[in-house]
Amino acid sequence: MIPKQNSKERTILKYTKREFEKMLKDKLMSECNVTLDTASADQIYRCLASITRQIMSDRQKRFQAKVLGEGKKQVYYLCMEFLMGRSLRTSLFNLGLNEVAESVLADADIKIDTIYDQEPDAGLGNGGLGRLAACYLDGMATDCIPGTGYSILYEYGIFKQKIVDGWQQETADNWLPGGQVWIKSHPDQAQEIRFDGQAIETWEGGFHHVKYENYNSVIAVPNDMYVAGYGSQGVSKLRLWQAKAPSFDMSSFNAGNYNTAISQSASAELISKILYPNDNHTEGKILRLRQQYFFSAASIADILQNHLNQYGTLDNLPDKVAIQLNDTHPTVAIPEMMRILLDECSYDWDTAFDICRKVFAYTNHTVMSEALEKWNADIFRSTLPRIWQIVCELDRRCRIELEKAFPGDYGKINYMAILGDNQVRTANICAYVCHAINGVSKLHSEIIKDSVFHDYYLFKPKAFKNVTNGIAYRRWLLASNPGLTNLLEETIGDGFKTDASELKKLEKFADDAAVQEKLAKVKHENKALFANYLEKSTGQVIDPNSIFDCQVKRMHEYKRQHLNALSIAAEYLYLKNNPNAEFTPKTYIFGAKAAPGYYMAKQMIRMICKLGKLIDEDPAVRDKLRVVYLEDYCVTLSERLMPASEVSEQISLAGTEASGTGNMKFMLNGAITLGTLDGANVEIADAAGHDNEIIFGMLTPEVNALKGMGYHPSAFISGDNTAMAVLDMLEKGWNGENFSEVTNNLRNSDPYMVMADFKDYRRAQQTVQQLYQDKKKWNHMSLMNIANAGIFSADRSIMDYARDIWGATPVK
Ligand SMILES: *Cc1c(COP(=O)(O)O)cnc(C)c1O
């Protein structure tokens, strides 16, 4: 799938050990005035990063020259979040320099892992959505699709999490001191972004003019980092905008208005200060809207300037540019491009609209109403007065078109319109304008056609597509799981490193006793390594012989970590009542951040932690059951955990998780999915075979039917002794603490139908126990997951986007 580079390109890639050593030593001397023997780990990290960045920057320039030379279509991926994690290890891996670097350091008695550990985790995102964007930069680079990501250079990324007595505490993530080495500022390419004030439309001499007065300016300064492709010449760029005040207001300052002068610059710079820590939930704050317009407008200006520099006209923009809006967060990019085409380039409305339609595509990430962003019209109008006018005109024309398609059906028209209930509906702007609207798994792409966008589906059916999510699988396999990588290499060769579909070759060995045994050995070693890491970093001791059952993802009611907790409580009660029962020891591993304002999610964390403590302090069960809550789940921690995982908990209510990508990382590392048929779990089970996963719970149509009937949890609780016992236990609590906020919610409303799936989940958990006893069976299942994880590569997702949505082709 990945174009093979010719030998000339390959030689550009390769450095001999001596060359690399010289580069590093020269860098250490020139930057820090130290030798390799005397340098600190931090100095080595910075110099290695700086060298790596320079190599990627040089390669990007060559790649971009080719792109322009061949007049290729370029892809711009707009996303408010890029959850990049660390860069050094994967960059060296992708450039094929990891072994050289490792051996240069080894000669100086330095372990490269201690150097990797100097790097902060770049957390410019909340969870899956931001990580997906990061994986797609890797995929585009590897596939040689010319790609640029655009986002915000948050000074503070996702908060750092501590758990104190079961309660989540947040501290600021000041990542730039260690992360800045990857970034280079380009103040010469800054853009001025204007907010507030009044926009006045006039007609002078038959020409349309817009006067924009009393606005406030913010300067957007681009900061670039790079992602290299694996075994390819492609490099993606990530351009992060930083907000700066326009030159300091000396006149106010000199006139004695110190506060005015200082607060103006402070409020401008507030825009890129911090990432909003909500996952799948919107807040509707003015600062958030300013962030959205700030980075969208800066990106559009940048894209159009680049295009004009190259082609001198915007007429051919749709032939050369594709812009993907990752969720509705960058929707204002659409009216902003309309603004430039109308006001600054004098296009008529229809021509401008046609350009936008062909250029923009939209990815939907959720059908849950609390996550669909809508802006209060008054806030929108006063913050973005000219954009508001354009949105009003979009709404007017949208309604006229809809009236033609659905004459007199004002229910439909009002629902599909852009303005309504004094709100700007970003999802409807995207649905109306974009030529492609895609979901992120097969199931989700069907659901959006049936639910939120059903009327738009009737209106423009051909615009609806599916692109199932994928992951930068080399990060979670080659770079994170060397044991499994080596086993794969010796068993099926190394084609899987560039073409994930070659993992399928492993299927031949599904029942090969020798391969199975080696696979089990690798897993056990990885579990021991993780147990070691956990003990060193937290003091918690876990047993590598127990089953590692993992649920790591954002804490959210729809993801149903409380379903897992209820089942653990049930196992606890069972073991207390049946001390001599057969039971394979189990370690439940949780990791999740809760949005700081999400009270129920924080209560769920407390419940899990306290349940863990209760079990840990009980000698009758502590050797059979263990619950650990990992603090500060982030990309780096997921890289450590995945290789050691055996059960992948993907237990969201069917119809709520758009895709999931954590499920793919687990599968690739041989964990068995214990999951509902939700999101990409469906495709995971189809790929590996339903016998090789443990599936439970209601299907999406059953969920909808139950909702339609009027769901009440009591119907499922009253007939189930186990459910009653665990709810009572958690409601009463112990040691002076209880969890009645959670249990009351489950008893009374249970919005994500935990109780309706509880019984079948208990059955599924018992199935885990049984299957694990049968080593051959378990190893077979595990192997089948690895062998069929190839389709969940971001390389494949990117080729789907390129073919079905962007109309882009790889650079040869
Ligand atoms: C992959 C990943 C996610 C997404 O996990 P889901 O289970 O798909 O929600 C979230 N956070 C981090 C740090 C990840 O690496």
Side-chain angles (χ1 to χ4, degrees), residues 79 81-87 90 120-136 138-139 157-161 173 175 275 277-281 326-327 365-366 368 371 440-441 443-444 468-477 479-481 549-561 563-564 589-595 601 630-643 645 647-653 656-669 671 673-676 678-684 789 792-794 797:
C79 184
E81 305 185 7
F82 280 82
L83 192 55
M84 300 298 285
R86 288 177 175 167
S87 288
T90 48
D121 192 283
L124 308 186
N126 275 287
L129 173 129
R131 184 54 231 174
L132 183 76
C135 286
Y136 283 176
D138 184 297
I158 187 68
F159 63 85
K160 297 268 169 219
Q161 180 196 49
D173 168 42
W175 70 285
L275 166 82
N278 300 323
D279 187 70
N280 274 300
H281 192 87
N326 197 33
D327 214 321
H365 283 271
T366 180
M368 292 187 296
V440 288
S441 69
L443 175 67
H444 170 64
T468 298
N469 281 170
I471 57 171
Y473 72 99
R474 287 167 290 265
R475 180 182 278 262
W476 278 276
L477 181 56
S480 302
N481 195 342
D549 180 320
C550 312
Q551 189 172 16
V552 289
K553 47 180 72 251
R554 285 298 290 252
M555 183 62 61
H556 213 300
E557 287 165 274
Y558 88 81
K559 292 176 183 281
R560 303 201 294 190
Q561 282 94 347
L563 174 57
N564 191 348
I589 300 172
F590 288 89
K593 292 176 184 175
L630 305 174
E631 282 179 329
D632 203 48
Y633 181 59
C634 59
V635 175
T636 303
L637 190 49
S638 94
E639 289 165 15
R640 285 189 197 280
L641 175 65
M642 294 300 160
S645 64
V647 177
S648 161
E649 299 261 3
Q650 307 299 336
I651 60 178
S652 53
L653 175 66
T656 61
E657 188 76 89
S659 163
T661 48
N663 46 6
M664 301 168 185
K665 301 166 197 167
F666 279 110
M667 179 194 198
L668 178 68
N669 281 278
T673 301
L674 168 51
T676 50
D678 195 18
N681 299 351
V682 178
E683 288 155 85
I684 285 174
F792 302 107
S793 158
S797 304

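Sequential numbering from 1 along the given sequence is applied to the chain's residues. One-based numbering, in listed order, for ligands and for the atoms of each.
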Atoms in ligand 1 flagged as close to C634, the criterion being non-hydrogen separation under 4.0 Å: 13 (C)

Within-4.5 Å side-chain heavy-atom neighbours: Q551 and I651: yes

Nearest protein heavy atom with distance in Å, relative to atom 8 (O) of ligand 1: T661 N, 2.8 Å

Heteroatom proximity flag, K553 to ligand 1, N/O under 3.5 Å: yes

Contact atoms of ligand 1, heavy-atom distance to G127 under 4.0 Å: 10 (C), 11 (N)

Proximal ligand 1 atoms for G660, defined as those under 4.0 Å from one of its heavy atoms: 8 (O)

Modelled atom types, side-chain donor and acceptor of N663 and Q650, under 3.5 Å: no

Closest to atom 4 (C) of ligand 1 (judged by heavy-atom distance), picking from G125, G128, G123: G128

Side chain proximity check, V552 to L641, heavy atoms < 4.5 angstrom: yes

salt_bridge(R86, D121) N-O dist < 4.0 Å: no

Taking atom 5 (O) of ligand 1 as the reference point, the nearest protein heavy atom with its distance: G662 N, 3.7 Å

Heteroatom proximity flag, N126 to ligand 1, N/O under 3.5 Å: no

Passing option when H365 is tested against N280, N326, D327 for side-chain hydrogen bond (donor to acceptor under 3.5 Å, both in side chains): N326

Protein heavy-atom partner closest to atom 14 (C) of ligand 1 - residue, atom, separation in Å: K665 NZ, 2.9 Å

Cationic N near anionic O, under 4.0 Å, D138 to R474: yes

Protein contact of atom 12 (C) of ligand 1 - nearest heavy atom, named by residue and atom, plus distance: Y633 CE2, 3.6 Å

T676 and S652, any side-chain heavy atoms less than 4.5 Å apart: yes

Six-ring centre of Y633, K593 cation under 6.0 angstrom, axis tolerance 45°: no

Heavy atom of K559, distance to ligand 1 below 4.0 Å: yes

